[in-house]
Amino acid sequence: MKKWIAGIIAAAAVIIGVGIYAYQAQQSNVVRIGYQPSDHHAALFVALAKHMFQKEGIKVETYEFKAGPPETQALAAGKIDVAYIGCVPAITAYCKGVPIKIVAGVNQGGSAIVVRKDEANKIKSIKDLKGKKIAELMKGSIQDCIIRMALRKYGLNPNKDVDLIEMSTFNAVQALGAKQIDAFIEPEPGPSLAVYKGYGVRLMDTQDILPNHQCCVLVMTKSFIRDHPDLAKKILKIHIEATKWINEHPKEAAEITAKKLHEPVKVEEIAMKHVIFSYNLNIPSMKIFANFLLKIGYIHHLPNWSDFVDLKLLKEVAG
Amino acid sequence: MERRSLALKVGTPVAVLIAWEVISRTGIISPVLLPPPSKVFAVFVEMPGQIAVNAATSLYRVAVGYSIAAVSGVTLGVLMGAYKDVETALDLLVEIIRPIPPIAWIPMAIVWFGIGDASAFFIIFIGAFFPILLSTRAGVKHVDRIYIEAALNLGADDKALIRHVLLPAALPEILTGLRTGLGVGWMCVVAAEMIAAKSGLGYMIIEAQRVLATDQVIAGMLTIGVLGLLMDRGFRALEKRLLAWM
């Protein structure tokens, strides 16, 4: 019997501990922002480089993630408040019950399928990818969703007719150069870098598969918006300002992303041209993605769009 | 007493399940982070085929990797236990390689064997081999000198000595090693599949995690746990039968 009591006390201690930990995390005034090492999140890099958060008096901590899925786990666990993240993992997370809202767009397009240079004359279309080894950022990412859509459109089964393997962007570029893979689908600057290094040839931009498709979005946890509406507005204001700045100063923006991602400025100047930076959302394209995710079983129901996408703040801030 | 122990045995898991369901349903812990058991069990109803196929794949990999480990581990263990020279020659090598966790071999396994069955076989082999080797060696070394001397006096050669004296006398320890090895091999298959394969229960868990299907993750974990338990129980029953003569 004593062991039972000890067990219950131990369990209670763990639950209380977790509760206190979560509570403390909520109380802090530091905004924790998740992002990925990609040009898509240039607005954040610009905001940091231009000290925009400091000027608004906001303290931020940034957390880098390899891809969207681990970022959704951090959102679910309450480890970050704000995320620059692909709309596909955001939709998946929302539908699985992670309490988040999309408050603005980050970018549209901006990923590409690149094939190995010595295979380029054989792979001229999506259907020629049959039997090939293709690296993708991660299962559940927007690139994963788009390549599956494209393969299916050409009658190929993504699970059987091709060998899809997970690889982070810069590893995929190296693997293409080392001929360990035949093709990849990755966000910029991966495609531009592979072309610049002479490793590969652009087969198709994701823009060509679904024009102006929504890619990354700015996501905030519901508790962050509820508990810190002023901070949420300021973060959004900075995001809008930084996005405008990128479009007005493409050259300097390329310098900032080059520094952040440790890439040549020349590569970044090309890469950034393949990304549309906009804080507006292409909602119809997100609905196409959601329907596809439902079809392939990543989600079991569609999101409640009016709850999930909240443009109230954006209207207030951007006017 | 019987009834009391049964109540305790079944009662604790049931109490845990109820508490888990309540914690998850009431949202004390978000259902994404901890899906309720009812949702986890629903996974078995919704996708029994997928779970069965992945479980069969994992079992097949263990069967192959473990068989190689069992044959080579027992053989080398007997040789090391029986011949001082073999032991002296191999001891340092074994002691250096043994503490390397099987998981640490995964990157090299991928380089050598690529993503797929062969890598998994190798990782399972590494995991299962050492417990089998060490138990067999210890078992053979612990055989009473009296048996050995008696056999030698009766004119047994090395082969007969190993076959009719050392192996039967060391059998309990060899079987313990084989059972431990099976358990380690089963853990290794899951670890190997998470990184170095594109099928099996380990891969199923990682795939589900990518899309936050935590109910499927836990269903996969439970499948691994139950299969591991069945294997262990099955092996113990086999041990009892094989050692019935002792």
Side-chain angles (χ1 to χ4, degrees), chain A residues 1 3-4 7-8 11-12 14-16 18-19 22 66-79 88-100 133 135-141 144-145 159-160 162-167 180-181 221-223 293-294 296-300, chain B residues 4-5 7-9 11-20 22-36 39 42-43 45-47 49-50 53-54 107 110-111 114-116 119 193-199 203-218:
Chain A
M1 265 316 173
K3 276 185 189 168
W4 266 73
I8 289 164
V14 169
I15 290 168
I16 291 167
V18 169
K66 203 169 124 186
E71 211 174 342
T72 62
Q73 289 155 27
L75 282 166
K79 297 276 181 207
V88 164
I91 290 168
T92 306
Y94 178 85
C95 293
K96 296 285 158 65
V98 180
I100 50 172
K133 195 178 228 181
E136 60 170 358
L137 185 59
M138 194 175 277
K139 191 186 152 161
S141 66
D144 174 59
C145 178
N159 296 324
K160 294 202 176 105
V162 296
D163 187 9
L164 275 180
I165 56 169
E166 294 184 342
M167 230 178 238
Q180 289 162 348
I181 52 173
T221 62
K222 284 181 178 172
S223 60
L293 293 176
L294 185 67
I296 62 175
Y298 283 19
I299 55 176
H300 303 298
Chain B
R4 186 186 152 90
S5 77
L8 284 174
K9 198 169 183 141
T12 316
V14 168
V16 168
L17 279 181
I18 291 170
W20 173 7
V22 169
I23 286 172
S24 186
R25 286 275 164 199
T26 51
I28 295 173
I29 296 177
S30 151
V32 204
L33 300 179
L34 187 69
K39 251 186 105 184
V43 171
V45 181
E46 284 158 16
M47 40 191 275
Q50 202 184 330
V53 168
N54 282 311
I110 294 175
V111 173
I115 302 271
S119 276
E193 283 168 350
M194 285 187 165
I195 307 173
K198 288 195 70 187
S199 54
Y203 180 70
M204 191 186 99
I205 288 179
I206 286 293
E207 249 204 330
Q209 183 234 30
R210 296 284 189 252
V211 293
L212 277 182
T214 41
D215 48 350
Q216 289 174 26
V217 173
I218 296 181

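Residue numbering restarts at 1 for every chain, and letters A, B, ... go by the order of the sequence lines. These numbers come from a predicted model, not from an experiment. The figures here come from the full heavy-atom set of this structure, side chains too, leaving out hydrogens, waters and symmetry mates.
Both the backbone and the side chain of A:Asp163 come within contact range of chain B, judged by heavy atoms closer than 4.5 Å. Both the backbone and the side chain of B:Leu212 come within less than 4.5 Å of a heavy atom of chain A.
The most heavy-atom pairs under 4.5 Å with chain B, out of A:Leu164, A:Asn159, A:Asp144, come from A:Leu164.
Between B:Arg210 and A:Glu166, at least one side-chain N (NZ, or NE/NH1/NH2) sits under 4.0 Å from a carboxylate O, which counts as a salt bridge.
Interatomic distance, B:Thr214 OG1 to B:Lys39 NZ, rounded to the nearest 0.5 Å: 6.5 Å.
A donor-acceptor distance shorter than 3.5 angstrom exists from the side chain of A:Thr72 to the backbone of A:Pro69, with no hydrogens or angles considered.
For A:Tyr94, the ring-ring contact (aromatic ring centres under 6.0 Å, His included) partners at least two apart in sequence or on another chain are A:Phe308.
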